[in-house]
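Quick note: numbers below take in every heavy atom, side chains included, and nothing from hydrogens, waters or symmetry partners. Every chain is numbered from 1 and lettered A, B, ... according to where its sequence line falls, protein lines coming before strand lines.
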2 protein chains.
Amino acid sequence: MTELRADARRNLERVLDAAADVFAASGPDASIDEIARHAGVGHGTVFRRFPTKDDLMYAVVERRVAQMRAVAREALAADDPGEAFFDFVHRVAELNMRTPGLHRCIVHCGDKPGAADLERLVGKIVSRAQRAGAVRRDVKPADVRALVRSALTSAPPGQWRRYLEVVLDGLRA
Amino acid sequence: MTELRADARRNLERVLDAAADVFAASGPDASIDEIARHAGVGHGTVFRRFPTKDDLMYAVVERRVAQMRAVAREALAADDPGEAFFDFVHRVAELNMRTPGLHRCIVHCGDKPGAADLERLVGKIVSRAQRAGAVRRDVKPADVRALVRSALTSAPPGQWRRYLEVVLDGLRA
DNA sequence: CCTGAAACGGACTGATGAGTCCGCTTACGT
DNA sequence: ACGTAAGCGGACTCATCAGTCCGTTTCAGG
């Protein structure tokens, strides 16, 4: 069952690549038809591998979530908890704002794929920074995520760094 | 032409009231059919008065924008510029968060209706507060609006006051 | 080769929602 | 009261998009 025919595997890759491109460009509203066209296959082919549009989106989003987990693990290994936290936020923001459409897909997915793990890591980063007195104590990790995310998505193109600084200033103890 | 027949005027009011209710409950995605049903008229009747859905939404949004203008004028009349600014933001937030759906409509409208005027008033409030040293100088009125708005819309139900405080802290000089 | 299973792709369905049209109804001036 | 224009409402069109189905094509093992 894991053994796909050669053409099938090729098409599967094409679909995933196309989906990454199109979702990155148009966000979660991208249509399956457009992705299929971009991949050079019929949309029936897409649906055979991914029964629903969300399934396809999760597959694309998963890669990004994995990257973020890696960044989070690095932050936990760093020495200064406060610096680690702010650096982590900056790096994740940088990662996501390179493809704002994909970022909106992550939001749309409600963090379904490998989110629990990432959530746990972020929780550690935040509470460590709070214990070190670098971050105000009346916020939870979910609050940090929501606030940062909203600053990023509401900023006009090219302005998100400034907006992020404002929110991060507000988060300092 | 401005003289509507009595039944027409009655229906127009019903439509506007229904639209206010439904948009407040469901945001900009509310369908014309639902509004018409809620008003007890056919949807043809709605379209006769408001050629497009956006026209109807603007009409509803206009009322709220007028309220905000009034609050802004009060703020400009206050003595302490810094206090006036933060108080203004709080009051506008309070106003909008009582009907989050309508708030989303305002966002959707991109501030089309009477926004220029409101924009101008807010500009004065902000720069006055900046001159008084209460607000950081590297933000423009549009930034304030975007940041506050994003904090409000991204907060979980009941949490928006906390989120607003974080952003306002970030905006202080 | 040659055959059968796997894969393909596009026609089709079904749902939704904006906006149009027109035959019927109703207000209101005379 | 009555004629008519304003008003009504819902059936209809049109577009979009997710998801299904099935006749045809293509791969791969013997």
Side-chain angles (χ1 to χ4, degrees), chain A residues 1-61 101-102 104-105 107-110 112, chain B residues 1-61 101-102 104-105 107-110 112:
Chain A
M1 197 237 145
T2 319
E3 293 308 305
L4 284 176
R5 234 168 61 175
D7 54 344
R9 169 150 297 285
R10 201 170 48 239
N11 279 338
L12 177 56
E13 269 158 28
R14 277 187 195 170
V15 166
L16 274 172
D17 288 348
D21 285 356
V22 175
F23 278 134
S26 312
D29 289 342
S31 74
I32 294 284
D33 277 55
E34 196 188 338
I35 290 168
R37 220 176 307 126
H38 197 270
V41 304
H43 77 227
T45 301
V46 177
F47 279 111
R48 197 166 324 101
R49 300 293 163 217
F50 304 96
T52 73
K53 178 177 162 177
D54 280 355
D55 290 329
L56 174 56
M57 216 160 85
Y58 293 159
V60 171
V61 160
L102 183 54
R104 270 158 50 220
C105 289
V107 175
H108 172 95
C109 287
K112 290 239 186 42
Chain B
M1 189 236 143
T2 319
E3 294 308 306
L4 284 175
R5 233 167 65 177
D7 56 343
R9 168 151 299 286
R10 199 169 52 239
N11 279 337
L12 176 57
E13 269 158 27
R14 276 188 197 170
V15 166
L16 274 171
D17 288 349
D21 285 356
V22 174
F23 278 134
S26 312
D29 288 342
S31 75
I32 294 283
D33 277 53
E34 196 188 339
I35 291 168
R37 222 177 304 125
H38 197 269
V41 303
H43 77 226
T45 300
V46 177
F47 279 110
R48 196 166 326 103
R49 301 293 164 220
F50 304 96
T52 72
K53 179 176 161 177
D54 279 355
D55 289 329
L56 175 56
M57 216 160 86
Y58 293 159
V60 170
V61 161
L102 184 52
R104 269 156 53 218
C105 289
V107 175
H108 172 95
C109 287
K112 288 240 188 40

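For DNA chain C, the contact window with chain B, defined by any atom under 4.0 Å from a protein heavy atom, covers C:dA18 to C:dC28 in 5' to 3' order.
Contacts between residues 18-29 of chain A and DNA chain D, defined by a heavy-atom separation under 4.0 Å, are absent.
To the nearest angstrom, P of D:dA18 lies 11 Å from CZ of A:Arg37. Rounded to an integer number of Å, the gap from B:Leu12 CG to D:dG9 P is 13 Å. A:Asp55 has its CG atom 13 Å from the P atom of D:dA18, to the nearest Å. Look at CD on A:Glu34: it is 9 Å from P on D:dC17, rounded to the nearest Å.
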Expected string for nucleotides 19-30 of chain D under the B/S/- scheme (protein heavy atoms, under 4.0 Å, primed atoms plus P, OP1, OP2 as sugar-phosphate) is BB-----BSS--
Identify each donor-acceptor pair in which a side-chain atom of residues 46-56 of chain B lies under 3.5 Å from a protein atom, sequence neighbours left out, and give them as a table.
{"from": "B:Thr52", "atom 1": "OG1", "to": "B:Asp54", "atom 2": "N", "distance (Å)": "3.4"}
{"from": "B:Thr52", "atom 1": "OG1", "to": "B:Asp55", "atom 2": "N", "distance (Å)": "3.2"}
{"from": "B:Thr52", "atom 1": "OG1", "to": "B:Asp55", "atom 2": "OD2", "distance (Å)": "3.2"}
{"from": "B:Lys53", "atom 1": "NZ", "to": "B:Pro28", "atom 2": "O", "distance (Å)": "3.0"}
{"from": "B:Lys53", "atom 1": "NZ", "to": "B:Ala30", "atom 2": "O", "distance (Å)": "3.0"}
{"from": "B:Asp54", "atom 1": "OD1", "to": "B:His108", "atom 2": "NE2", "distance (Å)": "3.4"}
{"from": "B:Asp55", "atom 1": "OD2", "to": "B:Thr52", "atom 2": "N", "distance (Å)": "3.3"}

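Each side-chain hydrogen bond (donor to acceptor under 3.5 Å, both in side chains) pair with one or both residues in residues 11-24 of chain B, not counting sequence neighbours, would appear here, but there are none.
Here the CD1-OG distance, from B:Ile35 to B:Ser26, works out to 8.5 Å after rounding to the nearest 0.5 Å. Rounding to the nearest 0.5 Å gives a distance of 8.5 Å between NE2 of B:His43 and CD1 of B:Ile32.
Sequence order on DNA chain D of the closest nucleotides to B:Ala8 and A:Ala30 puts B:Ala8 first from the 5' end.
B:Arg10 is linked by a side chain to side chain donor-acceptor pair (under 3.5 Å) to nothing, counting only residues two or more places apart in sequence or in another chain.
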